[in-house]
Amino acid sequence: MQFGVCYYPEQWPRAMWADDAQRMVELGITHVRIAEFAWSRMEPRAGEYDWQWLDEAVETLAKAGLKLVLGTPTAAPPKWLVDAHPDVLPVRSDGTRWNFGSRRHYDMSSATYRRECVRIVTAMARRYGRHPSIVAWQTDNELGCHDTVPSYSAAALQRFHAWLARRYETIGALNDAWGNVFWSMEYPSFDAIGLPTLTPTDANPIHLLDFRRFMSDEVASFHREQIDVLREHAPNADMLHNFMGFFTTFDHYRFAADNAIDVAAWDSYPIARTESIGLPLEQKARFARTGHPDVSAFDHDRYRGIGGGRFWVMEQQAGPVNWASWNPVPAPGMVRLWAYEAFAHGAELVSYFRWRQCPYAQEQMHSGLNLPNNELSPGGLEVQRAAREIAGSAVLSTLAAPAPAATALVFDYDTQWMFDIQRHGKSFDYQTLAFDYYESLRELGLDVDIVSSRADLSGYQLVVVPSLAVIDAALVERIARSNAKWVFGPRSGSKTDAFAIPGNLPPGALQRVLPMQVLEVETLRPTLAPALSIDGTEGHALNWREHVRANGETRIAARFDDAWPALLTHGNVRYVAGWLSHELHRTVLRQAAHEAGLDTQLLADGLRLRRRGGLTFAFNFGAQPVQAPAPRHATFVLGEPRLNTGDVCVWKDA
Ligand code: GAL
């Protein structure tokens, strides 16, 4: 459990660097990330490198005993580069180009830009790759942020053609798979295919989906080109990229495959994220100063899986930020709580954005660990407290990595894209549905691993699949042989890989283990709310509902008030035929957990638990004081069971 910070020596006078380094160490910081936007200082003119300042910054930090994470500067191409090669600017869906003057103004498909990136990364890696204090490298910064993926450029189109040709081999196969006979969309050759934009009405959904899949692969291959260079010159360092919260523009499982990263790092801004995702307004209001209790946890659990167990928080909110619709100051205690929360979920490192608030340019209203005048900010003081607590505790400072959870939640990027492309009703968002299931599991006090449907699921007792658009025979075979209880949400098995409805109707191949068919589906405006009750919990469907038929031995465990089946079970599999109101999801999951042999407890509002290394951590995100459910006579490693807002306590498991 170590602390880090993001630092921009190029933004401050050199005279401050040594003092900054010293104060970082005093605060309990061990890792510093630098350099990820500093291209114009590393290479002020084409081919003219200036490493002197970076050498000095690296040496100053290293001399203080700090470990370094070096970022490649490719998220911010300098003006001379853009002027020399205007084709590196990305193209928006309306055909216009983004301008220079902020960041991320580059097209990932541009051969020119890729060449320039490999050049600067090679120069950097040659110079610093074997420096003993540089323990990790970060490629670029938040790939895909600011909606800069996709790019609709000529370069992207050309590479899309090649991608399609590899996938389909012949144009006839593509026309068949895409169903291009519909509306006379047949193409004579791969070269004749355009990008799916500026069509009078919807483009073919599989055209849109394949473009998203292609762009996802572009992001991965852009990163991969840098990793290949870095691994050669920095063979002992960890490789990473800083991913984002609630972000689905590319498939992170594919991105991370084949050792493309050693650690999954991500950037956690709980309050701003709570404000910017599709949560009910009442929840945004309730958790305005704490962040929603599951919003960071969800991504801690997701990225722990993507990193194969290893994850870091590369940027952690340290106070008010600048980019959500409203940016309140966190409730007292929250900056400390978020650190313990990340550690409880398995983070090896929590690194703050940023060391000191910058008084100029775009992020002048974004806090850091220090105020612009160099006094520790309130968040900085909380980090100081947490770092001292951990250093002073033999138990906390030597904590083992978390064991696998008993419950898995399957999250799938193709599903997000398919349901985004054809939502059917505007309120259907797959990630929001997945989050609702996740929140329900956490309210029941369960630890959750978020995993891919292709992960090894054999160790889990309960596998929750909020939805999975494509269900293949291989997965069904694993379900048939599994001892776990499985819960499938609506729209599962509703599509083929080519974005069509399965011939045997949804849920497609799943029918082998759960005989049933979905006859019709409907999306629900807020005034349409078919009611039902499960095990004494009253509620209704919202957003989405299916009219299904149970076949064979399948049992109907609950019905809507108009008699359509709502919950179907067969063997170890359950299917939920609609998006249910929250308490009903919780009831369904509680029943499944009990059948799976798991104990649940309904936690007090705003309270969350997480186990790691023989300890249970409890957090209060709610407005009211709560009592943590520690066993009588539990030994507390930190805090006490009565938790006010923003409090944490930790006890030893019996
Ligand atoms: C992140 C980004 C940082 C900084 C931060 C502000 O998205 O990686 O460079 O802009 O947001 O919250």
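We count residues from 1, following the sequence as given. Both ligands and their constituent atoms are indexed starting at 1 by order of listing.
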- Message: Is the contact between Arg354 and ligand 1 made by the side chain, the backbone, both, or neither, using heavy atoms and a 4.0 Å cut-off?
- Response: neither

Among protein heavy atoms, which lies nearest [atom], and at what distance?
| atom | value |
| --- | --- |
| atom 2 (C) of ligand 1 | Glu315 OE1, 3.3 Å |
| atom 5 (C) of ligand 1 | Tyr269 OH, 3.3 Å |
| atom 10 (O) of ligand 1 | Glu363 OE2, 2.3 Å |
| atom 9 (O) of ligand 1 | Arg103 NH1, 2.8 Å |
| atom 7 (O) of ligand 1 | Glu142 OE1, 2.4 Å |
| atom 6 (C) of ligand 1 | His366 NE2, 3.1 Å |

I need the atoms of ligand 1 closer than 4.0 Å to a non-hydrogen atom of [X], numbered in the order shown.
| X | result |
| --- | --- |
| Asn141 | 2 (C), 8 (O), 9 (O) |
| Asp267 | 8 (O) |
| Phe37 | 9 (O) |

- Task: Report yes if the side chains of Ile390 and Phe343 come closer than 4.5 Å at any heavy-atom pair, otherwise no.
- Result: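 Touching, per the 4.5 Å side-chain cut-off.
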
- Message: Below the 3.5 angstrom mark, is there an N/O of Glu36, backbone or side chain, next to an N/O of ligand 1?
- Response: no

- Message: Any carboxylate oxygen within less than 4.0 angstrom of a Lys/Arg side-chain nitrogen, looking at Arg304 and Asp449?
- Response: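 Salt bridge between Arg304 and Asp449, a charged N being under 4.0 Å from a carboxylate O: yes.
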
Ring centroids only, cut at 6.0 angstrom: are [X] and [Y] within range, meaning strictly under it?
| X | Y | value |
| --- | --- | --- |
| His233 | Tyr128 | no |
| Phe255 | His223 | yes |
| Trp323 | His366 | no |
| Phe428 | Phe419 | yes |
| Phe250 | Tyr413 | no |

Please tabulate, for the side chains in residues 78-89, all donor-acceptor contacts under 3.5 angstrom to protein atoms that are two or more places apart in sequence or on a different chain.
{"from": "Lys79", "atom 1": "NZ", "to": "Asp83", "atom 2": "OD1", "distance (Å)": "2.7"}
{"from": "Lys79", "atom 1": "NZ", "to": "Asp83", "atom 2": "OD2", "distance (Å)": "3.3"}
{"from": "Trp80", "atom 1": "NE1", "to": "Glu43", "atom 2": "O", "distance (Å)": "2.9"}
{"from": "Trp80", "atom 1": "NE1", "to": "Pro44", "atom 2": "O", "distance (Å)": "3.4"}
{"from": "Asp87", "atom 1": "OD2", "to": "Thr112", "atom 2": "OG1", "distance (Å)": "3.1"}

